[in-house]
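These notes are about the structure you will find just below.
Just so it is clear, the model here is predicted, and its values are computed rather than measured. Residue numbers count from 1 along this sequence.
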Amino acid sequence: MKRFRRHGNELHRERIKQDLFQFNKTVEHGFPHQPSALAYSPSLQLMAIGSRSGAFKIYGAPEVEIMALHDETAAVTQIHFLPEQGQLVTLLDDNSLHLWKLKKSSDGLSMLKRESHFELKGQPGAPPSVTTITVVLPHSSGDVLFLGTEGGCVFVVEQPSFREQEARTITHEAVLQNVPDDYRSRRSLGSVEALQENPRNPQQILVGYSRGLVILWDLQASQATHHFLGDQQLESVAWQRDGRQIISSHSDGSFHQWPVSNDRLPQPLEKTVPYGPYPCKAIPKITWLATKQRTPFIIFKGGMPRASYGDRHCVSVLHGSKQIAFDFTSRVIDFFVVDEGGSESDCDDPSALVVLAEEELVAIDLKTPSWPVIQSPYLIPLHCSAITCSHHVSNIPIKLWERIIAAGSKQMTHYSSKPWPIDGGYSTAPEPLQRDLLLTGHEDGTIRFWDASGVCLKPLYKLSTVNVFVTDADHNDNLNQSAEDEWPPLRKVHGCALALKCGVSVSKVNSNGF
């Protein structure tokens with residue numbers, strides 16, 4: 001028997017709801033859902049995170065958050081800040097580019113406004129893969145964007161008009177002119193996997209192709225000056241700070257160091273498989289950072305032994321004889337390094353490594369010898385363990401507040417003493433008039449205390465109920481550093497305070513004890 005709704009009554013109920021209740025979203029807490037892209041601006045000290053829903057946010061100093069949403073529902077696959085302009089470009093998985101600008105509203109607050117959008121068009125009848133964008137490189141001049149494609153061509157478009165400069169397109173024919181015949185005949189170029197500008201000469205860019213070839217392209221002469229003939233599938237390339245060497249990472253878990261000299265066909269100076277000799281997974285991203293002590297940092301994603309550790313989500317840091325693989329609990333999306341060198345310095349002088357994973361954002365202090373985690377002031381995952389209950393308490397007395405903070409500070413000794421490395425912008429929000437506390441009970445038997453007074457939800461204290469309930473569960477924390485003689489040298493890292501495992505979940509919390 002079918003039941004028919006009385007539409008008149010439903011409309012009346014909805015009208016009553018609107019009259020009696022009004023909900024407005026004022027602030028979002030926690031970690032973004034399904035993050036898909038990461039970018040960082042050294043000059044602005046701002047970070048951007050995009051998601052699969054088409055939304056992205058800019059983060060700076062605590063309480064500095066600016067959100068934007070594309071009209072399209074496609075996922076954000078890449079974000080790039082334009083040099084020294086307060087603008088950024090986003091690439092969606094529908095192959096559209098969007099230009100955004102940071103502007104001030106009439107009330108003095110910063111906001112993001114979309115200025116224009118662009119879709120790369122191919123020749124009539126050409127397959128879509130020819131113009132599918134794989135890599136975006138904003139040139140340091142701020143005038144053009146270089147767009148690498150699946151078809152292997154590099155297109156050049158002007159900024160901010162998005163007008164294509166067809167005469168400057170880097171084609172297959174131009175790239176293969178000075179490649180040895182035996183190398184040219186046995187393989188095609190493949191898709192463009194990497195574009196990198198020479199840090200010392202803006203008229204030169206590296207173009208890396210998936211089949212292994214890397215070229216150094218002279219923008220003034222419109223020709224390739226060097227060909228780096230790789231024998232493995234290419235994943236990523238990066239420059240040394242002085243522009244004298246490059247480093248390339250490959251699908252077999254290796255990376256190669258190449259000289260940039262007068263030799264047009266240089267041979268690699270060194271080939272390294274950091275977790276060999278057994279077959280390893282690909283290294284999809286690598287970076288090379290110089291220091292004042294002349295011992296570089298080499299930081300890369302992936303590369304773990306395929307058979308034993310192929311399911312791990314790792315970012316490895318190599319510095320001299322020291323090597324650590326930071327093991328994350330979810331897939332690593334991307335990472336960047338905050339340095340203190342400045343654009344004119346001879347060294348990068350890295351200070352922090354920031355890693356975005358699917359479920360957490362983690363910053364690692366590279367200045368302190370033990371490389372500890374820096375406590376995050378925002379984007380803290382509330383659901384490290386599933387929330388089973390919550391309670392909000394407002395207007396906490398100052399003495400109780402200070403005691404909670406004092407107790408919580410004793411639990412934070414494993415964090416670095418360094419401040420959060422991303423500190424661009426400033427908050428115009430007034431100081432909260434009262435102290436609000438959010439208590440969350442979790443499936444692992446912990447109760448967490450959060451400062452809910454302002455824009456950022458900050459962890460204050462964690463109460464574990466392990467000692468209250470007697471269970472057969474193992475209460476040892478499995479997330480400590482591996483033994484020094486263990487290989488690979490894995491170290492578990494977490495974006496939130498480490499939780500003790502417990503067999504009893506918290507089903508209710510209240511403030512009667514206060």
Side-chain angles (χ1 to χ4, degrees), residues 22-33 35 44-49 51 55-69 102 104-105 107-112 354 356 360-363 373-384 387 389-412 415-442 446-463 495-497 509-511 514:
Q22 183 177 5
F23 296 96
N24 293 318
K25 183 166 66 174
T26 56
V27 68
E28 292 181 344
H29 292 306
F31 193 74
H33 181 57
L44 298 177
Q45 289 285 297
L46 295 175
M47 169 184 67
I49 296 178
S51 69
F56 70 97
K57 259 189 177 182
I58 291 180
Y59 299 89
E63 300 190 353
V64 175
E65 298 181 11
I66 307 171
M67 182 178 179
L69 179 65
L102 278 167
K104 278 194 174 183
S105 60
D107 54 2
L109 301 179
S110 297
M111 58 178 291
L112 278 166
V354 180
L356 174 67
E360 57 193 340
L361 179 77
V362 177
V373 172
I374 302 173
Q375 187 176 6
S376 174
Y378 46 65
L379 291 176
I380 300 169
L382 277 72
H383 301 273
C384 289
I387 294 177
C389 54
S390 64
H391 188 78
H392 181 267
V393 188
S394 61
N395 202 17
I396 301 295
I398 184 63
K399 289 187 177 181
L400 175 59
W401 189 261
E402 291 174 348
R403 289 180 181 178
I404 295 173
I405 293 177
S409 62
K410 296 178 181 179
Q411 298 178 335
M412 306 297 180
Y415 284 109
S416 169
S417 60
K418 299 290 185 183
W420 184 245
I422 304 165
D423 57 1
Y426 60 92
S427 174
T428 59
E431 288 294 324
L433 299 178
Q434 62 182 27
R435 293 161 294 277
D436 287 358
L437 189 68
L438 175 66
L439 292 88
T440 55
H442 295 262
T446 59
I447 301 173
R448 299 175 188 268
F449 294 63
W450 305 83
D451 179 2
S453 308
V455 174
C456 297
L457 197 63
K458 304 173 186 176
L460 298 177
Y461 178 72
K462 183 189 71 176
L463 172 66
C496 61
V509 291
N510 59 56
S511 57
F514 296 139

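Atoms CD and CG, on Glu65 and Leu46 in that order, are 12.0 Å from each other to the nearest 0.5 Å. To the nearest 0.5 Å, atom NE2 of residue His442 and atom OG of residue Ser390 are 9.5 Å apart. Rounded to the nearest 0.5 Å, atoms NE2 (His383) and CD (Glu360) are 14.5 Å apart. To the nearest 0.5 Å, atoms NE2 (His392) and CG (Leu438) are separated by 6.5 Å. In this structure, His391 NE2 and Leu439 CG are separated by 7.0 Å, a value rounded to the nearest 0.5 Å. The line from CG of Leu437 to CG of Asn395 is 12.0 Å long, rounded to the nearest 0.5 Å.
When side chains are defined from C-beta on, Pro32 does not count as touching Lys57, because their heavy atoms never get closer than 4.5 Å. A heavy-atom distance below 4.5 Å is found between the side chains of Phe449 and Leu463.
Residues satisfying the side-chain contact (heavy atoms from CB on, under 4.5 Å) test with Ala68, not counting sequence neighbours, are Phe56, Trp100, Leu112. Annotation: side-chain hydrogen bond (donor to acceptor under 3.5 Å, both in side chains) contacts of Ser427 (sequence neighbours excluded): Glu63. With sequence neighbours excluded, the residues that form a side-chain contact (heavy atoms from CB on, under 4.5 Å) with Ile398 are Glu402, Arg435. Applying the ring-ring contact (aromatic ring centres under 6.0 Å, His included) test to Trp420 and every residue at least two apart in sequence or in another chain returns Tyr378.
The backbone N or O of Ile380 sits nowhere less than 3.5 Å from a side-chain atom of Ser376 that would complete a donor-acceptor pair. With Gln375 contributing its side chain and Ser416 its backbone, the two residues share no donor-acceptor pair below 3.5 Å.
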Give the intermediate values and the outcome of side chain to side chain contact (heavy atoms under 4.5 Å, CB included) for residues Ile387 and Leu382. CA-CA 8 Å; Ile387 294 177; Leu382 277 72; 4.1 Å; yes
Residues Phe31, Leu361; criterion side chain to side chain contact (heavy atoms under 4.5 Å, CB included); working and verdict: CA-CA 8 Å; Phe31 193 74; Leu361 179 77; 4.0 Å; yes
Please walk me through it: do Gln411 and Lys462 pass side chain to side chain contact (heavy atoms under 4.5 Å, CB included)? CA-CA 8 Å; Gln411 298 178 335; Lys462 183 189 71 176; 3.8 Å; yes
Apply side chain to side chain contact (heavy atoms under 4.5 Å, CB included) to residues Lys399 and Ile404 and explain how you reach the verdict. CA-CA 9 Å; Lys399 289 187 177 181; Ile404 295 173; over 6 Å; no
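Nearest heavy atoms, Gln45 versus Asp423: OE1-OD1, 3.0 Å. Minimum interatomic distance between Ile374 and Pro421 (heavy atoms only, all atoms of both residues): CD1-CD, 4.2 Å.
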Tabulate below the donor-acceptor pairs under 3.5 Å that side-chain atoms of residues 450-461 make, not counting sequence neighbours, or state none.
residue, atom, partner, partner atom, Å
Trp450, NE1, Thr440, OG1, 2.9
Asp451, OD1, Ser453, N, 3.0
Asp451, OD1, Ser453, OG, 2.8
Ser453, OG, Asp436, N, 2.9

